[in-house]
Student: 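Sharing a structure, written as structure tokens. Questions coming.
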Amino acid sequence: MAPQISLKAALLVPLAGMAVAAPAPADVGINIVGGTTASSGEFPYIVSLSRSSSHFCGGVLLNANTVVTAGHCSDYSASSVKVRAGSLNWSSGGTQVGVSSITRHPDYYVSNDIPYNDIAVWKLSTSIAETSSTIKYAKLAAQGSDPSAGTTMTVAGWGLTTETGTTLPTALRKVSVPVVSRATCQAEYGSGSVTDAMWCAGVTSGGKDSCSGDSGGPIVDSSGTLTGVVSWGYGCARANYAGVYTRIGKFATWINSLA
Ligand SMILES: *[C@@H]1O[C@H](CO)[C@@H](O)[C@H](O)[C@H]1NC(C)=O
């Protein structure tokens with residue numbers, strides 16, 4: 001059976017508090033499943049990407065005018081999207097700015113619903129300064145680094161809290177998941193589906209994962225270093241199907257060249 005792949009972007013969520021339109025199977029997304037609410041200052045680099053006042057993806061603030069996110073979160077024109085930083089609530093608070101350019105990785109593509117080289121850099125039209133606690137720039141994992149199986153990583157976002165959920169939570173959530181070896185993840189999805197530009201995390205029995213609406217947002221190690229961004233998976237939090245993340249260690253040089 002071919003897995004039904006879910007990009008983790010909430011592309012069809014219309015407005016906070018409104019029902020999600022029935023998504024096409026390939027767009028069924030996930031929010032943080034099996035997690036807890038995050039505290040102020042815990043993920044000071046996370047941003048919410050929105051369009052027409054609707055959150056659709058997460059992102060990560062790298063410096064005053066640069067955000068990194070998933071390639072599959074980057075289908076819109078720069079003038080139609082906004083970035084909110086410094087708030088636990090995607091719909092209010094903190095500071096919201098416009099976007100001047102969106103650059104997807106030149107090798108980004110989608111095949112059989114799976115996004116490859118799923119990374120993009122957005123430039124902001126207004127600078128966002130660091131604050132004492134709620135806004136801080138993220139530190140990227142080093143070029144060439146690759147998370148080891150078994151390492152605990154923490155992912156945060158405003159995605160769905162169940163695979164079949166219909167409304168996004170407004171409060172930021174987080175969950176910790178162990179890294180799954182690439183060989184195991186390839187056994188789950190097929191060897192060609194999981195490249196060395198991806199890594200995987202999840203619990204074998206399921207129950208903890210990122211989900212629709214979390215795409216593009218951060219997954220970090222115990223020191224808070226950005227090791228991945230949320231990319232795709234088979235549903236959300238299913239047993240024997242890890243969540244798949246874009247590997248920052250494969251793209252740090254490219255990101256830095258645009259930051
Ligand atoms: C987020 O902000 C919106 C708009 O102000 C508000 O209605 C909602 O209750 C807030 N959510 C939380 C969890 O505070």
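We count ligands from 1, going down the list as the structure has it; atoms in each ligand are counted the same way.
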Student: Measuring to protein heavy atoms, does anything land under 4.0 Å from atom 2 (O) of ligand 1?
Tutor: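 Yes, because at least one protein heavy atom sits under 4.0 Å from atom 2 (O) of ligand 1.
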Student: Does some non-hydrogen atom of the protein lie less than 4.0 angstrom from atom 11 (N) of ligand 1?
Tutor: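 Answer yes: something from the protein, a heavy atom, is under 4.0 Å.
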Student: Starting from atom 4 (C) of ligand 1, find the nearest protein heavy-atom neighbour and note its residue, name and distance.
Tutor: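 Atom 4 (C) of ligand 1 sits closest to the protein heavy atom S91 OG, 3.7 Å.
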Student: Would H105 and N117 count as having a side-chain donor-acceptor pair, cut-off 3.5 Å?
Tutor: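 Absent: no donor and acceptor within the cut-off.
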Student: Less than 4.0 Å between a side-chain N and a carboxylate O, is that true for R238 and D209?
Tutor: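 No, this pair does not count.
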Student: With side-chain hydrogen bond (donor to acceptor under 3.5 Å, both in side chains) as the criterion, how do T151 and S148 come out once you've worked through the C-alpha distance, each side chain's angles and the decisive distance to 0.1 Å?
Tutor: CA-CA 6 Å; T151 307; S148 302; 4.5 Å; no
Student: Could you list which atoms of ligand 1 come closer than 4.0 Å to a heavy atom of T170?
Tutor: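 Near T170, meaning under 4.0 Å from one of its heavy atoms, ligand 1 has 10 (C), 11 (N), 12 (C), 13 (C).
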Student: Of all the atoms in ligand 1, which lie at a distance below 4.0 Å from a heavy atom belonging to S92?
Tutor: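 Listed by number with element, the hits are 1 (C), 2 (O), 3 (C), 4 (C), 5 (O).
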Student: Taking the basic N atoms (NZ, or NE/NH1/NH2) and the acidic carboxylate oxygens, is any pair closer than 4.0 Å for R182 and D196?
Tutor: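 No salt bridge links R182 with D196.
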Student: Kindly determine whether T66 and L258 satisfy side chain to side chain contact (heavy atoms under 4.5 Å, CB included), including the steps that lead there.
Tutor: CA-CA 8 Å; T66 309; L258 296 177; over 6 Å; no
Student: I'd like to check which ligand 1 atoms, numbered from 1 as shown, lie under 4.0 Å from a non-hydrogen atom of N89.
Tutor: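 Listed by number with element, the hits are 1 (C), 2 (O), 3 (C), 8 (C), 10 (C), 11 (N), 12 (C), 14 (O).
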